[in-house]
Undergrad: 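Just dropping this structure here.
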2 protein chains.
Amino acid sequence: MVCPHQVEWGGLVEGDSALGSRSAAEASTIRPTLKDVAREANVSQKTASRVLNEERYVRPEVRDRVKEAILRLGYRSNDVARTLKLGTTRTIGLVIADISNPFYASCAQGVARVARRRGYTVVLSASDEGLQEEREYVELLVRQRIAGLLLVPAAGDHGYLSSERSRGLPIVALDRPLVGVDSDCVIVENEAGMRAMTAHLVAHGCRRIAILCGSPDIYTYGTRLQGYRRALETAGIDERIRIINPTVEGATAATLELMSEPDPPDSICCVSNRVTVGVLAALVRLGVSVPDDLAVIGFDDFELSDVVRPRVTMVRQPAIELGMRAATLLIDRVEGLESGPPRTVTLPVKLMIRDSCGTHESGTQEAQCELGGQDGHDVPDGQG
Amino acid sequence: MVCPHQVEWGGLVEGDSALGSRSAAEASTIRPTLKDVAREANVSQKTASRVLNEERYVRPEVRDRVKEAILRLGYRSNDVARTLKLGTTRTIGLVIADISNPFYASCAQGVARVARRRGYTVVLSASDEGLQEEREYVELLVRQRIAGLLLVPAAGDHGYLSSERSRGLPIVALDRPLVGVDSDCVIVENEAGMRAMTAHLVAHGCRRIAILCGSPDIYTYGTRLQGYRRALETAGIDERIRIINPTVEGATAATLELMSEPDPPDSICCVSNRVTVGVLAALVRLGVSVPDDLAVIGFDDFELSDVVRPRVTMVRQPAIELGMRAATLLIDRVEGLESGPPRTVTLPVKLMIRDSCGTHESGTQEAQCELGGQDGHDVPDGQG
DNA sequence: TTGTAGGCGTTATCAG
DNA sequence: CTGATAACGCCTACAA
């Protein structure tokens, strides 16, 4: 089916836009330009441009003529050209670890929401926690002249970003701070959250408390581990640290192993929703009864945490808000609405007390963690 | 901290790149151009360009000089300019309904994986099932001159896309075909899947089989509903159709209502993972025992479907592969590797038999649905 | 092997 | 109010 525009369009093929026939692969190039619109409307290019950008000083009559031409030709302005001229994109680059982790998906959702609201476009990339991949993506994004960069940094040194930063690229770290550059960052109360979790286990009589933790080189795991240690230290209890691959499969394997050892734990702290899910899967397979045989507590919510029996006690992070705050901060930087030194925004987490740590619990209770403030607190960093 | 490049850079401020001081908001513009590199290396711009693109015919000595200049200046080529000149991006636009639905997240993951492998960048947008929002996003993407468009169409007519298509923009529909334009599309066996689900319930003695379904205007729901109806027709059983808002909350509310009515169903078919999760939440709350009091079966897997007790019988769709196939097809079109008429790729689904439909089940069994082939089948459409 | 001139589609400048 | 003309940063032709 040939749309009517096609017909109109046919008459312009002679134009100097070099609109001859091309191979299918190149066909996407056959689009009318502002010059075509101008010719069609019998005005200069600049006038057409004026209409397009809704500038003043265009006679209504002329304006209508141009608008008509735009419609007739199915003209779409070329942001590539405009960007080149203006020197600034309305695109933000988002580099996360893994889209299939609901936590990051929620962060991305928050980012997307704010971006849309403020007229920005989001380029998404997944680094899979690899610094090398992250660098490649950032390189690509910089080439594309993104207005700002939002990233969940992989483990390792991010000094490579300092040249970008010094060239004025706004960067906001999400979920974890950057190592080796300073930048804004939006994180949650990792240590306090885990401390609260561990203390909760202690309060329920647990003494052989294991933690299944990803590499402490990754900030979130490192700080959460720290919280665990401090809580145990306070309680005078020995640590049982297991560094694992923090995936569902990794956690399942580790749990299977852990529970088959002599002197197994009486409780497990999970450092992420992936780990919690993996632990639960293993326990179900083993027929271990929670919380009777073993208590389980997790950092970060997961879908069904409230539906699974027993309902899992865990610390909830505001994932969507994390994304929204990060995006807001970034765009504020981009637009110059925010111009102070790098700042760290720390959002509060909540301990949701349910049934997986002992029968004393009843109903879902919420407990703000020690550091928690209603809206998080905002700390300007020391110095650059 | 001032990085060493800054110093080098300082010497160039006089250049005709107009690198004077600017406001913080515009600072991202102060980047060296190829011209700066050329001057720094004492060669022509073209020579610098040659080195950048690794063309032949550059004396090694000169090449090194240029590379050094690039490094010293921290030069990053400007893809915006390059794109304008070349007339073609390496960006694909992805419009999905909702990132927080793990199904779409997985699709996006598949897309991202292929895109990365083939050197493309992905711009992500979420339409929230709104046709209007979808249009706005597409408009934006077209302006950005994406090389191709990948979308999960919202309900409604997509005739608005035909002008883009006729201008040569490759479009691949994901999860649902487009209405009103023809295009490639990658979907799963919706009807067969739901027919198998329903038949499975019938085989387990269910007779009051309800379906919780989203608006049939959305292709996936429409076809799944069709599968349900056909299976019941075959079995000579009455329909119990409930059109709901297919979210977790919507399904929970509907289930609560459904179960409190006189003559409640003996089984529920869920049209999506969102619905299944919502149903389970409601049943847990009501204390309804599955499968004893009620059988439950779902379309589309969800995390923990295999961990929750009883384990939920459901039809699994290959979400990641869906995304990968769609992206592959799209990029093949973009690059002209694929040039025939629009084609529809249908991927098979699998019925995973577990415990939520009756005690006859034991262990997880897999059953390929009727139409299933190993790799899906590929049907060139009728005609344009 | 290297350099010069011109244009991709916009917008900005500055006259008419 | 409107229109030539010159960039934006890169690449393709076409010389040298």
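Each chain gets a letter, A, B and so on, in the order its sequence line appears, and its residues count up from 1. Quantities reported herein were computed from a predicted structural model and do not represent experimental measurements.
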Undergrad: Return yes if a side-chain donor-acceptor contact under 3.5 Å exists between B/Glu139 and B/Tyr160, otherwise no.
TA: no
Undergrad: Under 3.5 Å, is there a donor on one side chain and an acceptor on the other for B/Gln132 and B/Tyr137?
TA: no
Undergrad: Can you check each nucleotide of nucleotides 11-16 of chain D against protein heavy atoms at under 4.0 Å and return B for base, S for sugar-phosphate only, - for none, in 5' to 3' order?
TA: BB----
Undergrad: Please tell me if A/Ser44 has a side-chain N or O lying less than 4.0 Å from either OP1 or OP2 of D/dG3.
TA: yes
Undergrad: Going by an N to O cut-off under 4.0 Å, is there a salt bridge joining B/Arg65 and B/Glu40?
TA: no
Undergrad: In whole Å, I'd like the distance from the CZ atom of B/Arg76 to the P atom of D/dC10.
TA: 13 Å
Undergrad: Any donor and acceptor pair, going by atom type alone, linking the side chain of B/Glu338 with main-chain N or O of B/Arg333 inside 3.5 Å?
TA: no
Undergrad: Do A/Thr328 and A/Arg325 have side chains that approach each other closer than 4.5 Å (heavy atoms only, starting at C-beta)?
TA: no
Undergrad: Using whole Å, what does the distance between atom C1' of nucleotide C/dC8 and atom CZ of A/Arg31 come to?
TA: 15 Å
Undergrad: Would you indicate what B/Thr83 reaches in the nucleic acid, counting non-hydrogen atoms under 4.0 angstrom: base, sugar-phosphate, or nothing?
TA: nothing
Undergrad: State which residue, out of A/Thr91, A/Ile146, A/Ile92, fulfils the side-chain contact (heavy atoms from CB on, under 4.5 Å) condition with A/Thr121.
TA: A/Thr91
Undergrad: Does a donor on one side chain and an acceptor on the other come within less than 3.5 Å for B/Ser166 and B/Ser163?
TA: no
Undergrad: Which residues in residues 57-66 of chain A have a heavy atom closer than 4.0 Å to any atom of DNA chain C?
TA: none
Undergrad: Report yes if some heavy atom in the side chain of B/Asp332 is under 4.5 Å from a heavy atom in the side chain of B/Val334; otherwise report no.
TA: no
Undergrad: Looking only at side-chain N and O atoms, does B/Thr47 come under 4.0 Å of OP1 or OP2 in C/dT2?
TA: no
